[in-house]
2 protein chains.
Amino acid sequence: MTTTRRRGGAMSEVRRRRLRLEISREASRLFWRQGVEATSGDQIAEAVGLSTRTIWRHFRTKESCAEPIVARGVERGVTLLRAWPPHLSLEEHAAAERTGHVREAGADALADDDRLAMRLVVLGEREPALRTAWLMACDRIERELRPVIAERLGLAADDRRVRPHAAAAAAALRVHNEHVAVALLAGGDPLRRLDTPAHLARAVRTATGGAVGDAIARRPGHPPP
Amino acid sequence: MTTTRRRGGAMSEVRRRRLRLEISREASRLFWRQGVEATSGDQIAEAVGLSTRTIWRHFRTKESCAEPIVARGVERGVTLLRAWPPHLSLEEHAAAERTGHVREAGADALADDDRLAMRLVVLGEREPALRTAWLMACDRIERELRPVIAERLGLAADDRRVRPHAAAAAAALRVHNEHVAVALLAGGDPLRRLDTPAHLARAVRTATGGAVGDAIARRPGHPPP
DNA sequence: GCCCTGTTCGTCACTAACTGCCATAATGCC
DNA sequence: GGCATTATGGCAGTTAGTGACGAACAGGGC
């Protein structure tokens, strides 16, 4: 890990992230309540207790204020992949994670931010501004996935085969999230069946042509050239 | 096909598309020459010979002006998939299309719009505004891919298995395009090796876990549940 | 404790992306 | 040609977003 070299009164990276998340939270709430058109930058600023100028310092666009919140769903997927130990298959790891996760948070209590994220994702079907935020968030996730997948496959980070797999995996995470979101908002509480990491594991495996999914056995080459 | 029921002085769909493409072309040229920040809506309007007001009638955002041009690359991929006859494997079809395509346009003459599209795609690495346009274009492509893939797999259009495949295929098209774009702009003219539909076919096949790729043999079910 | 340095934040003025509104020109249908 | 509908232009108005400058603020060195 590179120790963050910050000097003077510089904001720590974690504090910066926290602030962005807070802004995003308030902005997203307003977006959901009154639509993105109807919410002004001033409203967001007032809701979070900052000046409007500061909002634009942390986000380049009104719509991009939604990104940190909306990214939460897919972020869970990448943490799942990050924590994937080499000696397990993806499905085994997913199963283990699920049991651990359920005990920690309880099956019924879905964090407010996650609900909000799903709401904005489905709202994105109608509001192009939110759609762009969602796609940009997933794009960021895809980049974060690249080194993870490269290491898993024993490939160099800039190997030509990495990016297709990362893109496919990110796409799998995205549609899974969209699916869960509409199912959750439309009907009751199908979380127990839908949100299982097992589904994610399956989706990622097929999206990568089976490349990302097995426990590590043979190292360097696995797909036919 | 539903005959488009248009009345009064309504613009035909094809004319509308042409106009949007023309606007997009001029906007994209300006974006490339002077950056997207530095180009104003007025400049775009003047370049295409319309009033600024009309520009905003056809595009909701300055950056979205780039979408039609930037989508050209991936659009070729979806036309490839659309024209895919059932009795061929994807690779066979790709090979056939390639020979046909080469004869038609000549290998050396890459259309100006395509060059422009690739330039904007690589520029999108640095300019978030262009990145959103590119992602939105690919998102549209993904939606167009849905019915094509559904029909190919003999599934209902709203079957749960369609969207993951469409997303994965679209992602494959996207990274292929990005790869071609940077290779083309960075170095000389690696088109003969990179732009082959054969690579697209391979990418789509693996991204869909092999589901989209075979010639049609058995109809209804093919992946294990 | 103090100064010094670099950073964040607020205020204000300003630019430019968009939007409504109304009159006018184009277009398709009869 | 006449009519209905739509696309367009011009203009006023709103609001997203930026630059500049000063004040508050967090560290490090002493």
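Letters A, B, ... mirror the listed sequences (proteins, then strands); counts begin at 1. All heavy atoms count here, side chains included; hydrogens, waters and symmetry mates do not.
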(message) Tell me the interatomic distance from B/F59, atom CZ, to C/dA16, atom P, rounded to whole angstroms.
(response) 22 Å
(request) Figure out the CD/P separation between B/E13 and C/dG28, and round it to whole Å. (result) 14 Å
So if I take every side-chain heavy atom of [X] and compare against [options], which nucleotide ends up nearest?
X     : options                : value
A/S51 : C/dT11, D/dG17, C/dC18 : C/dT11
B/R15 : C/dG10, D/dG9, C/dT27  : C/dT27
A/L50 : C/dC9, D/dA16, C/dA17  : C/dC9
A/R16 : D/dA16, C/dT8, C/dC9   : C/dT8

(message) Tell me every residue that passes side-chain hydrogen bond (donor to acceptor under 3.5 Å, both in side chains) with A/R131, counting only those two or more places apart in sequence or in another chain.
(response) A/E178, B/D139
(request) Could you tell me which residues satisfy side-chain hydrogen bond (donor to acceptor under 3.5 Å, both in side chains) with B/S51, sequence neighbours excluded, listed by chain and number? (result) B/T54
(request) May I ask you to evaluate whether A/H58 reaches the phosphate of C/dC9, defined as a side-chain N or O under 4.0 Å from OP1 or OP2? (result) yes
(message) Check whether B/E26 reaches the backbone of B/I23 with its side chain - one donor and one acceptor, N or O, closer than 3.5 Å.
(response) no
(request) Report yes or no: does A/R20 contribute a side-chain atom to a donor-acceptor pair with the main-chain N or O of A/H58 at less than 3.5 Å? (result) yes
Tabulate atom names and distances for all N/O pairs under 3.5 angstrom spanning the protein and nucleotides 19-21 of chain D.
residue: D/dG19; atom: N7; partner: A/R53; partner atom: NH2; Å: 3.1
residue: D/dG19; atom: O6; partner: A/R53; partner atom: NE; Å: 3.0

(request) List in chain and number order the residues that pass salt bridge (Lys or Arg N to Asp or Glu O under 4.0 Å) with A/R140, two or more places apart in sequence or in another chain; answer none if no residue qualifies. (result) A/E75, A/E144
(request) Write down the atom of B/P128, the atom of A/M136, and the distance for their closest heavy-atom approach. (result) O-CE, 4.0 Å
(message) Below 4.0 angstrom, which residues in residues 26-38 of chain A have at least one non-hydrogen atom near DNA chain D?
(response) none
(request) Note the angle between the end axes of the helix from C/dG1-D/dC30 to C/dC30-D/dG1, five pairs defining each, rounded to 10 degrees. (result) 40°
For a quick check of understanding: with a heavy-atom distance under 4.0 Å over all strands, which category does [X] fall into, base, sugar-phosphate or nothing?
X     : value
B/T52 : nothing
A/I44 : nothing
B/T39 : sugar-phosphate

(message) Quick check: on DNA chain D, is the nucleotide nearest B/T54 upstream (toward 5') of the one nearest A/S40, or the reverse? Name the residue that is more 5'.
(response) B/T54
Taking only Lys NZ, Arg NE, NH1 and NH2, and the carboxylate oxygens of Asp or Glu, determine whether [X] and [Y] approach each other closer than 4.0 Å.
X      : Y      : result
B/E13  : B/R16  : no
A/E151 : A/R146 : no
B/R72  : B/E67  : no

